[in-house]
Student: 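I have a structure here, written as structure tokens, and I will follow up with some questions on it.
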Amino acid sequence: MQIKKFNILLLSSLILLSSCVTSNRETGESLISDDYILKVATKSFDIDLVQKNVDSIQAYSTSVMFFGYVADKTFGMTSSSCLSYITPYNNEADLGTDPEFKSVFIKLYFNNSLTYDDHSKGVAQNIYIYELDEAIDSTKMFNTSYDLSTLKKHLISKGSPVYYGEDTLKVYLSDDFGKELLTVTTDEFSDYYAFKKKIHGLYISTDTPETATSGGRMNYIPMTSSKICVSYKLTDVDRDKKDYDTTEFFNFGVSSAINLVKSESTKLIDKPLSNKLYIENSVGIKPYISAISLKRQLNKWINSMGYQDKKILISRATMTLPLEMPADYTDLDKKYPLYLYPAKLEINDSTNVKYFSLLSEIYNSSNVGKINRSHLYYKSDFTDYFQQLVLMDSTAIKDTNDLWIMPVYYTEISSVDYYEIDLINVQRGEINSIRADKKPTIDFVYSIYEESETN
């Protein structure tokens, strides 16, 4: 990254400059009162994480749609279907007078797929495409907000389209849907919101078994890539066209999509306490830390040491989540999340909508929760959160202060790091619980200002 090069050059410059500057070793002494001495020490806690299932989580995506299912013996089956908008390819289109419909199809482009075994990569999947009979509610950004049994839609895919995991899939659609697209006026082509009022969008799904313990494939469609093609005969006197064969294009998967994910991993919550904790992306099961329980643990230590919480300064707090080598070591690459980092369940004050948000300090931490495959752990700095918890009164702590350990998606754009909760990849892993030999811990460095004994 370029910023690293800049830091190296800056450090070199400072070293050169320091060789010709006289040091004053008394500088800064006046910043600490003579009445106090500074004590610096370290402390480590074992932490008792529990398993919880999220009751709602963001389903909204601006990058990808995905559908299909994957399954394994431990977590069971995770399935997804998706819906998104249709928009004109050309907002200045004019279909002329009484366009005569010929045919319509959609070409879906796929940029990725997820399987847990090689033989599932080319498995046959029946594809179903529906037209939505109602507008997509953009305020419903959560999986639990959409009840598929009440989603108004009708099937428009013709025949029995089957997908084998290729890069593209062409599906012919119903004549009625094609004729509906040919009723779009020039005003509706040019007005995005007027178009959405008439043409609501599409919903895509595939067959999923009632139960599964292996196999399956999740299919990923990047936004803005797929096209609907309507062939028709154009008649327009002004353009000197009569029964002219032509095609009008429409985009599918524009602006945003809603991926509706279901997971069977909730059954793991009811398992007897063991030395393992389970984690899965999206709606799956998550390790969870109660803020009030952690505060009680802190208070017990503070009281035992005779400290005052207002005089404790945390300079670094790091959470370490150890794991054991899986039976198949390749699972560390194929299944396990690359990053795990704490998040809080936030509530929008104006809409009361709940959403998960990573602790913002991920952007200024050296440990950002990346898996260490050599030493088998995830390590996350969360110093700001820990300092606030030390200072908070127990009566002020709410559920929104609790921590959820979430899989994280990382990308770098123009030398800038971006982290967000990973709602796309269906990843699964196991970390150690407090009952394991290698326990999850919080290690922190702290300072105490104490009154000097000479005063």
Student: Can Thr78 and Arg428 be counted as having a side-chain donor-acceptor contact under 3.5 angstrom?
Tutor: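 There is such a pair (donor and acceptor under 3.5 Å, judged by atom type) between the side chains of Thr78 and Arg428.
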
Student: Check the angle between the aromatic planes of Phe45 and Phe386 and answer parallel, tilted or perpendicular using the 30° and 60° thresholds.
Tutor: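 The rings of Phe45 and Phe386 sit tilted, inter-plane angle from 30° to 60°.
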
Student: Show the nearest heavy-atom pair for residues Tyr164 and Glu166, with the distance to one decimal.
Tutor: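 Minimum heavy-atom separation between Tyr164 and Glu166: N-OE1, 3.2 Å.
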
Student: May I ask you to check whether over 12 heavy atoms, not counting those of Asp243, lie within 6.0 Å of atom CG?
Tutor: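 Buried by this count: over 12 neighbours within 6.0 Å.
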
Student: Under the 3.5 angstrom rule, does the side chain of Lys198 hit a backbone N or O of Phe195 as a donor-acceptor pair?
Tutor: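 Looks like no, no N/O pair under 3.5 Å.
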
Student: Does Tyr232 reach the main-chain N or O of Lys179 with its side chain, forming a donor-acceptor pair under 3.5 Å?
Tutor: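 No; judged by distance alone, with no hydrogens or angles, the pair does not exist.
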
Student: What do you reckon, is OH of Tyr409 surrounded by more than 12 foreign heavy atoms closer than 6.0 Å?
Tutor: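 Result for OH/Tyr409: open.
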
Student: Indicate yes or no for a side-chain donor-acceptor contact from Asn259 to the backbone of Leu423 under 3.5 Å, with no hydrogens or angles considered.
Tutor: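 No.
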
Student: The criterion is side chain to side chain contact (heavy atoms under 4.5 Å, CB included); which residues satisfy it with Asp245, sequence neighbours excluded?
Tutor: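 Residues passing side chain to side chain contact (heavy atoms under 4.5 Å, CB included) with Asp245: Lys102, Lys233.
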
Student: Ignoring hydrogens, what is the shortest heavy-atom contact between Glu280 and Val426? Give both atom names and the distance.
Tutor: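 Smallest heavy-atom distance, with atoms named: OE2-CG1, 3.9 Å.
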
Student: Side-chain donor-acceptor pair under 3.5 Å between Asp98 and Thr235, yes or no?
Tutor: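 Per modelled atom types, Asp98 and Thr235 side chains form no pair under 3.5 Å.
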
Student: Under the side chain to side chain donor-acceptor pair (under 3.5 Å) criterion, do Gln297 and Asp48 qualify, and how do the steps go?
Tutor: CA-CA 10 Å; Gln297 196 172 4; Asp48 190 6; over 6 Å; no

Student: For Asp384, does its backbone N or O pair with a side-chain atom of Glu361 as donor and acceptor, under 3.5 Å?
Tutor: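 Such a contact is found between Glu361 side chain and Asp384 backbone.
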
Student: Between the side chains of Thr185 and Asp187, is a donor N or O closer than 3.5 angstrom to an acceptor N or O?
Tutor: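 The criterion, which ignores hydrogens and geometry beyond distance, is not satisfied for Asp187 and Thr185.
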
Student: Answer yes or no: does atom NZ of Lys197 have more than 12 heavy-atom neighbours from other residues, nucleotides or ligands under 6.0 Å?
Tutor: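 12 or below, so no.
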
Student: Can you find a heavy atom in the side chain of Ser157 that is under 4.5 Å from one in the side chain of Ile127?
Tutor: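 No. Closest side-chain heavy atoms not under 4.5 Å.
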
Student: With distance as the sole test, does Ser190 use its side chain to make a donor-acceptor pair with the main-chain N or O of Asn91 at under 3.5 Å?
Tutor: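 A pair under 3.5 Å: no.
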
Student: So Leu332 and Leu376, do their side chains get closer than 4.5 Å, heavy atoms only?
Tutor: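 The answer is yes, as the side chains (C-beta and beyond) meet within the 4.5 Å cut-off.
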
Student: Could you go through residues 223-230 and list every donor-acceptor pair under 3.5 Å that involves a side-chain atom there, pairing it with any protein atom two or more places apart or in another chain?
Tutor:
from, atom 1, to, atom 2, distance (Å)
Ser225, OG, Pro222, O, 2.8
Ser226, OG, Tyr109, N, 3.3
Lys227, NZ, Thr224, O, 3.3
Lys227, NZ, Asn251, OD1, 3.4

Student: Checking the side chain of Asn281 only, and the main-chain atoms of Asn425 only, is there a donor and an acceptor separated by less than 3.5 Å?
Tutor: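 Yes; at least one donor-acceptor contact below 3.5 Å.
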
Student: With a 3.5 Å cut-off and no angle check, do the side chains of Asn126 and Asp207 form a donor-acceptor pair?
Tutor: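 A pair is found: one side chain offers a donor N or O, the other an acceptor, under 3.5 Å apart.
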
Student: Quick check: closest heavy atoms across Ala93 and Thr186, and the distance to 0.1 Å?
Tutor: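 For Ala93 and Thr186, the tightest heavy-atom pair comes out as O-CG2, 3.6 Å.
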
Student: Once the angle between the rings of His375 and Tyr377 is folded into 0 to 90°, is it parallel (under 30°), tilted (30 to 60°) or perpendicular (over 60°)?
Tutor: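 Correct class here is parallel.
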
Student: Any idea which heavy atoms bring Ser63 and Ser61 closest together, and the distance?
Tutor: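 Smallest interatomic distance, heavy atoms only, reads N-OG, 3.2 Å.
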
Student: Contact between Tyr278 and Glu430 at the side-chain level, heavy atoms closer than 4.5 Å - yes or no?
Tutor: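 A side-chain contact under 4.5 Å exists here.
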
Student: Please check if the number of heavy atoms outside Lys152 that lie under 6.0 Å from its NZ is greater than 12.
Tutor: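 Count not over threshold, so no.
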
Student: Which heavy atom in Lys295 sits nearest to a heavy atom in Met392, and how many Å separate them?
Tutor: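 Closest heavy-atom pair between Lys295 and Met392: NZ-O, 2.7 Å.
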
Student: Is the cationic atom of Lys286 (NZ for Lys, CZ for Arg) positioned less than 6.0 Å from the six-membered ring centroid of Tyr288 and within 45 degrees of its normal?
Tutor: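 Negative - Lys286 is either too far from the ring of Tyr288 or too far off its axis.
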
Student: Would you call Asp333 and Arg373 a salt bridge, using N to O less than 4.0 angstrom?
Tutor: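 A salt bridge is present here (some side-chain N lies under 4.0 Å from a carboxylate O).
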
Student: Please determine if Asp72 and Lys335 form a salt bridge, counting it only when a charged side-chain N lies under 4.0 Å from a carboxylate O.
Tutor: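 The answer is yes: the pair qualifies as a salt bridge.
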
Student: Is there side-chain contact between Glu324 and Asn432, with heavy atoms separated by less than 4.5 Å?
Tutor: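 Side chain of Glu324 against side chain of Asn432, heavy atoms only: contact under 4.5 Å found.
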
Student: Quick check: does any side chain N or O of Ser174 sit under 3.5 Å from a backbone N or O of Phe177, one acting as donor and the other as acceptor?
Tutor: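 Checked: pair present.
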
Student: Quick one: closest heavy-atom pair of Ser433 and Lys276, and the distance?
Tutor: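 Result for this residue pair: OG-N, 3.8 Å.
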
Student: Can a side-chain donor-acceptor contact be found between Asn367 and Ser380 if the only test is distance below 3.5 angstrom?
Tutor: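 No.
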
Student: What I'd like to find out is whether the side chain of Ile421 reaches to under 4.5 Å of the side chain of Leu358, using heavy atoms alone.
Tutor: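 Answer yes - side chains close enough.
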
Student: Going by atom types alone, do Ser44 and Asp443 pair a side-chain donor with an acceptor below 3.5 Å?
Tutor: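 Distance-only check passes for Ser44 and Asp443.
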
Student: Can you establish whether the number of heavy atoms outside Lys242 located under 6.0 Å from its atom NZ is more than 12?
Tutor: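 Not buried by this count: 12 neighbours or fewer within 6.0 Å.
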
Student: May I ask you to decide if Ala291's main-chain N or O and Asp402's side chain share a donor-acceptor pair within less than 3.5 Å?
Tutor: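 Yes; judged by distance alone, with no hydrogens or angles, the pair exists.
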
Student: Looking at the rings of Tyr341 and Tyr378, which for Trp means the six-membered one, are their centres under 6.0 Å apart?
Tutor: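 Ring-ring flag for Tyr341/Tyr378: false, centres at least 6.0 Å apart.
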
Student: Are any of the side-chain heavy atoms of Leu268 and Asn53 separated by less than 4.5 Å?
Tutor: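 Heavy-atom side-chain distance check fails, nothing below 4.5 Å.
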
Student: Is a side-chain donor-acceptor pair under 3.5 Å present for Asp417 with Tyr363?
Tutor: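 Short answer, no.
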
Student: What I'd like to find out is whether the side chain of Ser290 reaches to under 4.5 Å of the side chain of Val50, using heavy atoms alone.
Tutor: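 A side-chain contact is absent here, since even the closest heavy-atom pair is not under 4.5 Å.
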
Student: For Ser103 and Tyr172, does a side-chain donor sit closer than 3.5 Å to a side-chain acceptor?
Tutor: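 Checked: Ser103/Tyr172 side chains show no N/O donor-acceptor pair below 3.5 Å.
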
Student: So do Ile221 and Phe67 actually touch side chain to side chain, heavy atoms under 4.5 Å?
Tutor: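 Touching, per the 4.5 Å side-chain cut-off.
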
